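Bear in mind the structure is a predicted one, so any value in this text is a computation, not a measurement. We count ligands from 1, going down the list as the structure has it; atoms in each ligand are counted the same way.
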Amino acid sequence: MARTRTPARGTGSLPLEEVLESKELKAMHGFDVHTLDDMLRFAPRRYTVPAALRSIHEVAEGEEMAAVVTVTGVTARGMRNRRGTLLIVDVTDGDSALELVFFLAKDHQVAWHRSHLRVGERYTVYGIAGRDSRTGTPQLTHPRYEEYEDTPEGRARAERPLPVYPLKKNVAQKTMRDATERGLEFADGLQRILPDAVLRRRALLPLADAARSLHRPLTFEDTLAGRAHLVFEEAFVLQAIFAQRRAQDERTPAPALRGDEPLRPALDARLPFTLTDGQLEVGAALEERLAREHPTSVLLQGDVGSGKTVIALRAMLRAVDSGHQAALLAPTEVLAEQHHRTITGLLGDLAAAGRLDGHADATSVRLLTGSQRTAERRRTLLDVTSGEAGIVIGTHALLTESVEFASLGLVVIDEQHRFGVDHRRRLRSKGPGGMSPHVVVMTATPIPRTAALAVVGDLDVLTLRESPGRRAGVTSFVVHESLPRWEQRMWARAGEEVAAGRQVFVVCPRIDEDDAAPPDPEGSEPLPPPRGVTETSARLASRPELAGARVGVLHGRLATEEKQQVMEDVVAGRIDVLVATTVIEVGVDVPNASTMIVLDAERFGVSQLHQLRGRVGRGEAPGIAFLDTRVEQGSVSSQHLQAVAEATDGFALAELDLHRRGAGDLVGELQSGLGRTLKHLDVIRDGDVIARAREDAFPLVAADPDLTDHPVLAAAIETRLADADVERS
Ligand code: ADP
Ligand code: MG
């Protein structure tokens with residue numbers, strides 16, 4: 001789908017129509033580049049080094065060469081076997097002769113070269129050295145050339161790095177270069193986003209100089225200095241957006257959640273475990289924020305199984321204890337239902353308001369999903385609106401629908417990477433009496449600090465570092481199917497676990513093997529076609545190791561009720577072996593599951609594998625994870641699996657994953673709504689820049705929240721947000 005883009009109207013940026021010829025204009029439009037500012041911020045993908053200037057006789061055939069020459073003669077003649085003109089330009093470097101050879105189809109091309117290669121003038125010529133097959137004279141075919149100016153700058157220009165732009169169909173590199181060259185004439189009219197004070201403090205080139213350095217550098221250092229401006233600028237705009245959001249929060253009222261009884265202490269008293277120091281610490285930090293009179297936005301990150309749910313529950317009870325409601329959003333119905341089960345389980349009679357068996361102080365916990373029957377939904381909605389329901393659990397449908405809360409004080413969003421962070425904005429209006437609820441986002445995909453600042457820079461990050469000790473933990477092994485004994489041992493182990501009354505998950509990359517195979521991950525060797533859930537469950541039926549085991553399947557193509565039934569059967573122990581797609585990746589909590597077998601494991605990302613194995617070993621029995629693969633031992637994919645098997649720290653793995661895949665995916669997963677459109681900034685490489693840009697942007701916005709004195713920055717923010725909205729839709 002074509003992106004429609006808000007033109008930078010009113011910002012004073014020069015439309016390219018006023019700068020370029022139609023061919024160049026078309027080339028730039030192909031990249032959605034419409035203004036001078038867009039174009040000069042459109043960075044070359046790389047640069048080529050021209051060969052050092054040399055004399056012609058030093059150059060061997062086939063070598064890349066550059067030389068300063070004088071034109072001695074020009075001849076044009078028709079070609080023997082085809083239409084067009086053969087143009088031969090004789091040149092010399094004062095010592096040896098060289099022929100520049102052009103095969104030209106059109107007369108105007110001949111005229112163009114004739115007018116640009118004049119006898120007696122000096123030029124720098126670049127190309128691959130060849131030789132006339134008859135005469136042996138050195139030749140360059142279709143060389144690049146430019147006028148040579150015999151000054152130190154002229155000489156430096158002859159050796160300058162040449163920008164190489166990304167290309168689209170039918171657009172020549174030269175067109176792109178000509179377009180930016182032309183644009184550089186107007187560089188002083190660029191919209192300067194960064195204030196001068198910031199340029200000075202960060203030792204950055206002024207914008208026009210930065211543009212010239214980027215597109216017409218004399219040295220490689222120039223290209224870096226040019227890019228540095230754009231990187232900082234992009235980071236600065238992002239941080240200014242975050243700063244504005246924070247400032248906006250500071251002006252928005254929120255219910256101060258300060259009630260500290262009766263429910264929260266009652267829950268603490270009945271928890272079947274002792275909270276870890278980390279949980280208490282993070283819980284206290286969270287409560288301190290919830291007590292404020294302005295909406296807080298917190299990112300609660302902690303590895304799989306680190307016990308985030310109970311922290312969220314305690315926070316939600318604080319909302320209820322303060323006379324408000326709390327909502328918990330999960331990415332799928334399966335997870336919403338699981339949260340409902342877990343939370344009602346932990347609360348017991350504290351969640352049974354209005355029932356005979358209810359506790360005197362009890363509240364009511366409600367589940368709201370799309371697949372509920374209308375009557376049931378209507379009843380729940382009524383309780384949400386009346387305030388009867390203290391805690392409401394659902395999917396993100398809770399946000400999109402016109403669900404009316406009596407007094408929503410807190411929203412917890414589980415597994416953020418499946419949501420747009422900007423969903424939070426939709427919640428703004430859902431609080432009581434024009435107030436905004438507080439928001440806590442939970443994620444098990446931890447991100448390095450600077451990356452967090454770049455993509456979710458308007459959230460406070462709270463991190464759970466340890467996991468509760470009672471968990472038995474998971475040991476992981478890589479199983480190469482090329483060694484049949486290992487594979488047999490794996491299934492035998494699965495059988496032993498089933499015999500001991502425990503459960504096994506088997507995860508496959510796709511549902512059916514005749515579905516189109518997903519593409520191999522980028523950079524991997526060719527992989528065997530991935531296995532499907534359907535076929536695998538059939539194959540398991542005939543494995544002697546699993547004789548008598550009850551096998552179930554779970555994947556996204558089942559009807560909602562079927563999925564529910566399967567999960568219920570798994571939780572109740574009526575299924576021994578569950579063959580599934582990654583639907584079980586996120587958050588599924590079955591304490592009795594001990595074994596995870598991932599088939600074709602090389603097809604899964606590092607974090608995904610870590611999430612998957614986190615599904616087992618959650619109860620008393622130690623977990624075991626088999627990363628089964630048909631790739632060769634010692635191959636890159638196999639080494640990567642080995643690294644996952646050996647690492648146990650989710651944070652270390654997340655960082656490894658980030659470096660392996662680059663930031664693009666991470667940013668995509670977080671869907672910050674801003675990050676996807678990053679052009680120059682690399683959230684890993686540019687960590688320092690991000691931190692510095694934040695230091696500069698926050699005070700600026702604090703002093704001038706509406707950016708009245710910074711109209712160009714304000715316009716850049718608008719464009720960025722508009723782009724992000726287009727990306728999202
Ligand atoms: P996650 O952070 O992945 O959402 P959960 O909140 O689901 O983790 O917790 C994982 C398991 O650990 C749950 O079964 C939970 O009841 C249990 N748990 C949480 N906190 C503790 C604790 N302090 N001690 C022992 N078990 C705990
Ligand atoms: Mg969880």
Side-chain angles (χ1 to χ4, degrees), residues 264 267-286 298-317 326 328-332 334-348 350-351 365 391 393 412-419 440-447 461-474 502-503 505 567 570-571 582 584-594 596 607-623 625 648-651 653-654:
R264 225 264 338 251
L267 170 74
D268 284 358
R270 67 174 61 191
L271 281 177
F273 44 72
T274 323
L275 293 168
T276 64
D277 289 346
Q279 282 172 316
L280 288 171
E281 239 167 70
V282 166
L286 186 55
V298 168
L299 179 71
L300 171 56
Q301 55 175 16
D303 203 351
V304 185
S306 59
K308 296 183 290 292
T309 312
V310 71
I311 297 181
L313 178 56
R314 292 171 87 235
M316 291 193 281
L317 290 180
L328 172 58
L329 310 184
T332 64
V334 166
L335 282 176
E337 280 152 16
Q338 180 183 287
H339 272 310
H340 184 253
R341 262 197 315 273
T342 309
I343 285 173
T344 48
L346 283 169
L347 288 174
L350 293 174
V365 178
I391 294 177
I393 300 170
V412 178
I413 306 178
D414 191 19
E415 303 300 352
Q416 172 61 25
H417 63 287
R418 299 265 168 124
F419 285 106
V440 174
V441 168
M442 301 198 287
T443 177
T445 312
I447 49 179
V461 180
L462 296 178
T463 302
L464 265 181
R465 294 234 158 246
E466 43 176 346
S467 289
R470 209 193 61 166
R471 287 198 55 216
V474 187
R502 289 186 285 268
Q503 287 156 294
F505 293 133
M567 274 319 288
V570 171
V571 171
T582 52
I584 63 162
E585 171 193 346
V586 182
V588 167
D589 190 11
V590 181
N592 190 47
S594 64
M596 169 62 69
S607 293
Q608 228 177 354
L609 290 171
H610 186 61
Q611 288 276 347
L612 283 170
R613 71 179 164 191
R615 301 297 120 224
V616 298
R618 296 171 77 84
E620 304 286 351
T648 51
D649 178 351
F651 280 83
L653 270 179

task: Return the set of residues passing side-chain contact (heavy atoms from CB on, under 4.5 Å) with A312 (not counting sequence neighbours), or none when no residue passes.
output: V412, M442
task: Would you check if L464 and I311 make a side-chain contact, meaning some heavy-atom pair closer than 4.5 Å?
output: yes
message: Heavy-atom pairs closer than 4.0 Å: do any link ligand 1 to the side chain of T309, the backbone, both, or neither?
response: both
Partner set under salt bridge (charged side-chain N to carboxylate O under 4.0 Å, His left out) for R465, not counting sequence neighbours: none
statement: Numbered in order shown, the ligand 1 atoms found under 4.0 Å of a heavy atom of T276 are 23 (N)
task: Tell me which part of L464 gets within contact of ligand 1: side chain, backbone, both or neither, using heavy atoms under 4.0 Å.
output: neither
task: Look only at interatomic distance and state if G302 has a nitrogen or oxygen under 3.5 Å from any nitrogen or oxygen of ligand 1.
output: no
- prompt: Side chain of R270, backbone of L346: donor and acceptor closer than 3.5 Å?
  reply: no
Enumerated ligand 1 atoms positioned under 4.0 Å from heavy atoms of T274: 22 (C), 23 (N), 24 (N)
task: Classify the contact between Q279 and ligand 1 as side chain, backbone, both or neither, using a heavy-atom distance cut-off of under 4.0 Å.
output: side chain
Test item: side-chain donor near acceptor, T443 and Q301, under 3.5 Å: no
- request: Would you name the heavy atoms of A336 and I393 that are closest together and state the gap between them?
  value: O-CG2, 3.5 Å
statement: G307 heavy atoms within 4.0 Å reach ligand 1 at atoms 1 (P), 2 (O), 5 (P), 6 (O), 8 (O), 9 (O), 19 (C)
